[in-house]
Each structure stands twice: as structure tokens, then as C-alpha cells.
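Read through the structure below, which is laid out as C-alpha cells, and then see the notes.
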Amino acid sequence: MHIAYDPEHDTAHVRLTAHVPPGGAVRQVPVDGPWTDAEAFLDLDADGRLLGIEVIGARRVLPAGLLDGAERETG
């Protein structure tokens with residue numbers, strides 16, 4: 001598992017596979033959750049396999065220690 005965090009956009013990406021090639025995540029499925037100030041999406045490949053999870057509004061719903069230790073993304 002690999003976690004990357006973009007503090008400028010408050011977006012976290014949790015990758016469940018060793019590598020996701022460019023264009024490998026062909027479908028994003030929104031996740032219904034109890035949050036009103038964050039969103040989560042499942043990233044799936046062409047065969048429907050779960051590659052990772054994207055969280056928008058990450059600081060509001062993920063543990064600070066997890067994000068503090070994540071690789072920094074800029075975008």
C-alpha cells in the first residue's frame with residue numbers, strides 16, 4: 001500500500017497495488033459515506049479490480065498521522 005497526499009488540494013491517494021500505469025484507473029466509483037465535507041472514490045481498472053482510493057477533503061476524514069507520513073504530491 002502506498003499513500004500520497006497533496007496538501008494544496010487536500011487530496012489523498014491510497015494505492016493498493018505496487019504500480020498503477022498511466023490510464024490504468026479507467027473508472028471511479030463514488031463511495032457513500034457519512035461525510036458532508038469530504039468525498040471518496042474507488043479507482044478501478046478495466047477488469048473491475050480495485051487499484052486504490054482517492055479522498056478529497058482528506059484532512060477532515062483521515063488521521064493526521066497517516067497524512068503527515070504520506071509522500072507529498074504536488075499538482
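Quick caveat: nothing in here was measured; it's all calculated off a predicted structure.
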- Any side-chain heavy atom of Ile53 sitting closer than 4.5 Å to one from Asp43? no
- Gap separating the NE2 atom of His2 from the CD atom of Glu71, nearest 0.5 angstrom: 4.0 Å
- Does Ile56 share a hydrophobic cluster with Leu16, counting links as ILVMFWY side-chain heavy atoms below 4.5 Å and allowing steps through other members? no
- Item | Linked, directly or transitively: Val61 and Ile3 (ILVMFWY side chains, under 4.5 Å) | yes
- Any Arg59 side-chain heavy atom under 4.5 Å of Tyr5 side chain: yes
- Message: Count I, L, V, M, F, W, Y as connected when their side-chain heavy atoms are under 4.5 Å apart, and connections chain through other members. Are Val26 and Val14 then in the same cluster?
- Response: no
- What's the spacing between Thr11 OG1 and Glu54 CD if we round to 0.5 Å? 6.0 Å
- Query: Looking at CD of Gln28 and CD of Glu39, how far apart are the two atoms once the value is rounded to the nearest 0.5 Å?
  - Reply: 10.5 Å
- Note on the structure: In this structure, NE2 of His13 is separated from CZ of Phe41 (nearest 0.5 Å) by 10.5 Å
- Kindly compute the distance separating CZ (Arg27) from CG (Leu51), expressed to the nearest 0.5 Å. 12.5 Å
- Message: So which atom in Ala12 and which in Ala58 form the shortest heavy-atom distance, rounded to 0.1 Å?
- Response: CB-CB, 3.8 Å
- Message: Tell me every residue that passes side-chain hydrogen bond (donor to acceptor under 3.5 Å, both in side chains) with Asp37, counting only those two or more places apart in sequence or in another chain.
- Response: none
- Query: To the nearest 0.5 Å, what is the distance between CG (Leu67) and CZ (Arg72)?
  - Reply: 7.5 Å
- Evaluate whether atom CG of Asp47 has more than 12 neighbouring non-hydrogen atoms of other residues, nucleotides or ligands under 6.0 angstrom away. yes
- Message: Has Asp6 got a side-chain atom pairing as donor or acceptor with Asp10's backbone, closer than 3.5 angstrom?
- Response: no
